[in-house]
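First listed ligand is number 1; within each ligand, the first listed atom is number 1. These numbers were taken from a predicted model, which means no experiment stands behind them. The first residue in the sequence is number 1, and the count goes up from there.
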Amino acid sequence: MDYTEKTLKTEDIYTGNIIKVQNLTVSLPNGKEATRDIVLHPGASVVIPISKKGELYMVRQFRKPLDAATLELPAGKLDSPDEDPRVCAERELMEETGLRAGKIEHLISIHTTPGFCNEVIHMYTATDLTQGESCADEDEFLNVERIPVGELVDMILSHKITDAKTIIGVLMAERSLRNNNG
Ligand SMILES: [Mg+2]
């Protein structure tokens, strides 16, 4: 069976600095029509900076949609949908933590919410780290914290970390550290 939904009509609802919202009319496999609200996003990169001791560098920052501070892996949007996500990962690592990575490796790419958004997040591990100066964006205020990966897993299991990309990145980093050590 072909599950493809053909777009019959596209209505732009909102164009913001980061996202665009559209209302689509589509034809379904059974020939009927339906509407889909979708959010277009340029994509983003996440960095998992791993120290020699197996600690991860995390950022704590205020997230207005939640009206709360969160602990997350360093991350940022692609400058444009064509930007090389590796370049974006290196930039965000530098801006948010001041770290430079001797080695940066693609780990996984994830679709955060395929139900309504095309956002894709590319995740990279960063090792062989050297410290320089951080230079966060003008509207970005954050603290860097270095936390052992096992402690981060405990924080996930006790619901202290709820950011989805961070949960995935930490669990994958813990798994690869465990595999490399034994
Ligand atoms: Mg960021």
Side-chain angles (χ1 to χ4, degrees), residues 14-21 38-51 54-149 151-153 155-156 159-174 176:
Y14 171 77
T15 302
N17 294 326
I18 300 170
I19 58 157
K20 184 172 190 171
V21 179
I38 65 164
V39 176
L40 302 176
H41 185 282
S45 290
V46 171
V47 197
I48 310 170
I50 308 174
S51 78
E55 302 146 321
L56 306 190
Y57 289 80
M58 308 290 291
V59 294
R60 195 178 292 277
Q61 61 192 321
F62 191 79
R63 292 300 205 180
K64 193 55 196 167
L66 307 185
D67 256 330
T70 59
L71 188 67
E72 301 180 22
L73 287 163
K77 288 176 303 295
L78 303 185
D79 275 348
S80 74
D82 319 318
E83 187 186 22
D84 180 349
R86 179 181 298 267
V87 172
C88 174
E90 284 168 344
R91 182 184 61 242
E92 292 299 329
L93 179 66
M94 187 66 197
E95 283 181 6
E96 297 195 353
T97 68
L99 294 165
R100 251 179 229 289
K103 200 165 147 197
I104 192 143
E105 283 180 302
H106 182 244
L107 183 64
I108 194 171
S109 292
I110 58 169
H111 287 115
T112 52
T113 40
F116 67 88
C117 183
N118 71 343
E119 182 185 32
V120 59
I121 291 185
H122 308 281
M123 306 185 91
Y124 292 84
T125 55
T127 49
D128 231 338
L129 302 168
T130 46
Q131 186 70 54
E133 286 289 305
S134 60
C135 46
D137 286 339
E138 267 176 8
D139 60 353
E140 211 170 30
F141 297 89
L142 44 83
N143 273 323
V144 179
E145 297 179 26
R146 203 168 65 188
I147 303 175
V149 72
E151 226 171 273
L152 290 168
V153 172
M155 291 171 84
I156 290 170
H159 313 157
K160 290 191 184 90
I161 292 175
T162 58
D163 175 52
K165 65 181 183 304
T166 300
I167 293 174
I168 293 165
V170 167
L171 294 179
M172 290 202 63
E174 195 271 341
S176 72

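In this structure, NE2 in H122 is found 11.5 Å from CZ in R86, a value given to the nearest 0.5 Å.
Among all heavy-atom pairs drawn from M172 and L107, the shortest one is CB-CD2, 3.9 Å.
The Mg ion (ligand 1) has an N, O or S atom of A75 closer than 2.8 Å. Distance check for E95 against the Mg ion (ligand 1): none of its N/O/S atoms falls below 2.8 Å.
Enclosure of atom NZ in K77 is not indicated, since only 12 or fewer non-hydrogen atoms of other residues, nucleotides or ligands lie within 6.0 angstrom.
Between D79 and R91 there is a salt bridge, since a side-chain N of the basic residue sits under 4.0 Å from a carboxylate O of the acidic one.
Nearest N/O/S atom of E96 with respect to the Mg ion (ligand 1) is recorded as OE2.
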